[in-house]
Asks: 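Take this structure, written in structure tokens, and hold onto it; I'll ask about it next.
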Amino acid sequence: MRLLTHNMLSSNIKGVSNGFPLRIEVEKVIEKEVDCNPDFLINMFAKIEWKALVDAARTMGYAELPEEAESSMLDSDEFLRKFHHALLELHLEEGALVCPETGRKFPVNKGIPNMLLHEDEV
Amino acid sequence: MSSRPELLAPPEIFYDDVEARKYTSSSRIIEIQSKLSERAVELLALPDDGVPRLLLDIGCGSGLSGETLTENGHQWIGLDISLSMLNIASEREVEGDILLGDMGQGLALRPGVIDGAISISAVQWLCNADKSSHEPKLRLKAFFGSLYRCLARGARAVFQVYPENLAQRELILRSAMHAGFAGGVVVDYPHSAKSRKEYLVLTCGPPSLTTATPKAKGEDGESCSEDEVSEDEENQTVRFSDRQRPRKKQKVNKKGKGREWVLRKKEQMRNKGINVPPNTKYTARKRKARF
């Protein structure tokens with residue numbers, strides 16, 4: 001699972017008012033290189049919760065993202081490269097996602113997060 | 001035995017390791033799936049500016065439909081309830097991210113982040129109650145409600161569906177309408193039993209020019225007029241044309257009902273006090289072949 005997806009996921013357990021961002025518990029991280037597409041990054045930037053991305057990248061062992069970001073920084077290639085790496089190249093292979101309110105763990109196996117809810121959580 | 005997998009077992013059980021492998025190694029299924037997804041992407045009508053979008057593939061299975069999204073240059077997130085299917089997807093190294101989840105429990109996504117959603121042959125599964133806790137209406141409501149929230153304004157969702165009957169189609173459409181979607185059903189090749197395909201094209205937001213339902217493939221002039229008829233019903237935001245179904249053929253018994261049956265009916269009518277012509281040698285006699 002990439003951090004792009006992590007940035008979109010939010011816990012939807014019944015009664016949870018703010019399920020974002022899910023905390024990441026890391027067991028294994030892998031990196032896969034993919035082509036950088038600046039158009040996509042610029043388009044996505046407005047939708048990304050920057051703080052959640054920075055925190056998630058840090059948990060995954062990548063600390064080079066700046067603490068604050070604004071759209072003017074998108075002109076810099078250096079920034080785009082870092083943004084691209086954090087968003088699309090870091091994969092959480094094994095570990096868990098933890099709901100910030102209830103502490104419920106969603107296990108991640110072979111890169112697939114298990115977001116199935118129990119019957120009493122629907 | 002039924003040819004509809006929904007009636008055999010719940011999806012997470014039906015698509016086990018064997019079925020998932022079979023599904024993905026059949027070149028026929030692969031071809032159909034990629035054609036369906038190709039058409040779904042076409043119906044999504046994303047702006048043609050070459051910018052990759054973030055799309056959602058609901059019921060992504062082994063990622064056959066996702067591959068079409070990748071070919072079109074988009075990023076995608078896939079959701080499926082069958083772990084066996086997802087394992088095959090990750091074996092095939094699909095480019096999108098895949099999640100194990102149940103669409104009937106609602107989508108666990110932030111509001112307004114997704115640029116479009118497709119779903120190939122999946123939504124009709126929601127009409128089945130596979131567990132005692134399942135209530136199809138509520139599950140459809142949770143699904144469409146959460147989908148409406150996570151889509152960006154003006155974004156489209158295209159579902160290719162195989163509804164079992166009119167009631168199912170209506171149930172799905174009504175749930176979509178309640179969630180606030182505008183749009184309708186596009187039926188490709190309505191006159192063909194085999195290649196007839198239904199797509200639910202939904203737009204996030206109030207009805208407007210841009211939410212007009214796109215034209216279906218393989219329709220003739222006649223079916224267009226029916227579209228206009230449904231447009232008259234102003235209050236309805238979801239419309240569909242389903243008059244093109246082949247009529248059920250009337251059963252024709254070669255022998256006909258016979259003299260005895262006619263005499264019995266006449267007797268019944270007489271007993272009711274209705275004036276019936278008397279029985280003669282001409283009553284219910286056989287006609288000549290040239291008639």
Side-chain angles (χ1 to χ4, degrees), chain A residues 1-14 16 18-22 30 32-49 52-53 84 87-94 97 99 104 106-122, chain B residues 12 46-47 49-56 60 63 70 73-91 93-115 131-135 138-139 142-143 145-146 149-150 152:
Chain A
M1 186 198 65
R2 295 167 297 183
L3 289 187
L4 167 68
T5 306
H6 169 262
N7 211 283
M8 301 301 148
L9 280 178
S10 144
S11 152
N12 64 339
I13 298 171
K14 188 180 175 186
V16 169
N18 183 17
F20 183 83
L22 294 161
I30 54 171
K32 287 184 201 161
E33 225 169 278
V34 287
D35 292 338
C36 180
N37 184 328
D39 284 344
F40 177 69
L41 294 175
I42 292 166
N43 197 30
M44 273 322 282
F45 181 77
K47 290 180 182 167
I48 295 287
E49 285 281 339
L53 180 67
H84 170 73
L87 198 66
L88 298 170
E89 294 187 326
L90 291 175
H91 290 251
L92 178 65
E93 190 71 2
E94 301 283 337
L97 301 173
C99 168
R104 153 84 144 89
F106 299 98
V108 180
N109 293 315
K110 288 193 259 173
I112 306 173
N114 180 346
M115 302 302 288
L116 286 173
L117 300 178
H118 301 307
E119 275 175 23
D120 55 340
E121 293 169 338
V122 182
Chain B
E12 64 273 34
L46 293 165
D49 51 7
V51 178
R53 311 277 156 167
L54 180 62
L55 304 180
L56 196 61
C60 63
T70 306
H74 299 295
Q75 296 284 348
W76 55 277
I77 300 175
L79 177 88
D80 205 283
I81 198 173
S82 158
L83 188 58
S84 308
M85 285 293 234
L86 292 179
N87 281 333
I88 298 223
S90 73
E91 249 174 56
E93 297 191 335
V94 292
E95 304 232 344
D97 276 332
I98 42 185
L99 308 172
L100 179 66
D102 181 357
M103 55 179 166
Q105 293 176 344
L107 308 169
L109 294 166
R110 275 201 294 134
V113 289
I114 307 288
D115 297 315
K131 289 181 190 157
S132 57
S133 60
H134 282 186
E135 174 67 54
L138 292 181
R139 286 167 58 76
F143 168 64
S146 61
R149 278 193 296 279
C150 77

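Computed from a prediction, not measured in an experiment: that's the story for all the values here. The chains referred to below are lettered A, B, ... by the order of the sequence lines, with proteins before strands, and numbering in each begins at 1.
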Asks: What is the distance from atom CG of A:N12 to atom CZ of B:R149, rounded to the nearest 0.5 Å?
Replies: 9.0 Å
Asks: How long is the straight-line distance from CG of A:N109 back to CG of B:N87, given to the nearest 0.5 Å?
Replies: 9.5 Å
Asks: Heavy-atom distance under 4.5 Å to chain B: side chain of A:N114, backbone, both or neither?
Replies: both
Asks: Which atoms of A:E49 are under 4.5 Å from chain B, going by heavy atoms: the side chain, the backbone, both sets, or neither?
Replies: both
Asks: If you count heavy-atom pairs within less than 4.5 Å of chain B, which of A:L9, A:V122, A:V34 leads?
Replies: A:L9
Asks: Answer yes or no: are there more than 12 heavy-atom neighbours, outside B:E95 itself, under 6.0 Å from its atom CD?
Replies: no
Asks: Report the option among A:D39, A:L22, A:I112 that has the most heavy-atom pairs separated by less than 4.5 Å from atoms of chain B.
Replies: A:I112
Asks: Below 4.5 Å from any heavy atom of chain B, which atoms of A:L88 appear? Answer side chain, backbone, both or neither.
Replies: side chain
Asks: Between B:L107 and chain A, with a heavy-atom cut-off of 4.5 Å, which part of the residue counts as in contact: side chain, backbone, both or neither?
Replies: backbone
Asks: Below 4.5 Å, heavy atoms only, C-beta onward: do A:L116 and B:L100 meet side chain to side chain?
Replies: yes
Asks: Rounded at 0.5 Å granularity, tell me how far NZ in A:K110 sits from CG in B:L86.
Replies: 10.0 Å
Asks: Is B:K131 close to A:E119 at the side-chain level, that is, under 4.5 Å between some pair of heavy atoms?
Replies: yes
Asks: State the CE-CG distance between A:M115 and B:L79, to the nearest 0.5 angstrom.
Replies: 9.5 Å
Asks: Please flag which part of B:I77 lies under 4.5 Å from any non-hydrogen atom of chain A: side chain, backbone, both or neither.
Replies: side chain
Asks: Starting at CG of A:L4, measure out to CH2 of B:W76 and round the result to the nearest 0.5 Å.
Replies: 12.5 Å
Asks: Only counting residues at least two apart or in another chain, list the ones meeting side chain to side chain contact (heavy atoms under 4.5 Å, CB included) with B:D49.
Replies: B:P47, B:V51, B:R53
Asks: Do B:L54 and A:M8 come within less than 4.5 Å of each other through their side chains, counting heavy atoms only?
Replies: yes
Asks: Specify which of A:K47, A:R2, A:E121 makes the most heavy-atom pairs with chain B at under 4.5 Å.
Replies: A:R2
Asks: Search all heavy atoms of B:L99 against all heavy atoms of A:P113 and return the closest pair with its distance.
Replies: CD2-CG, 3.4 Å
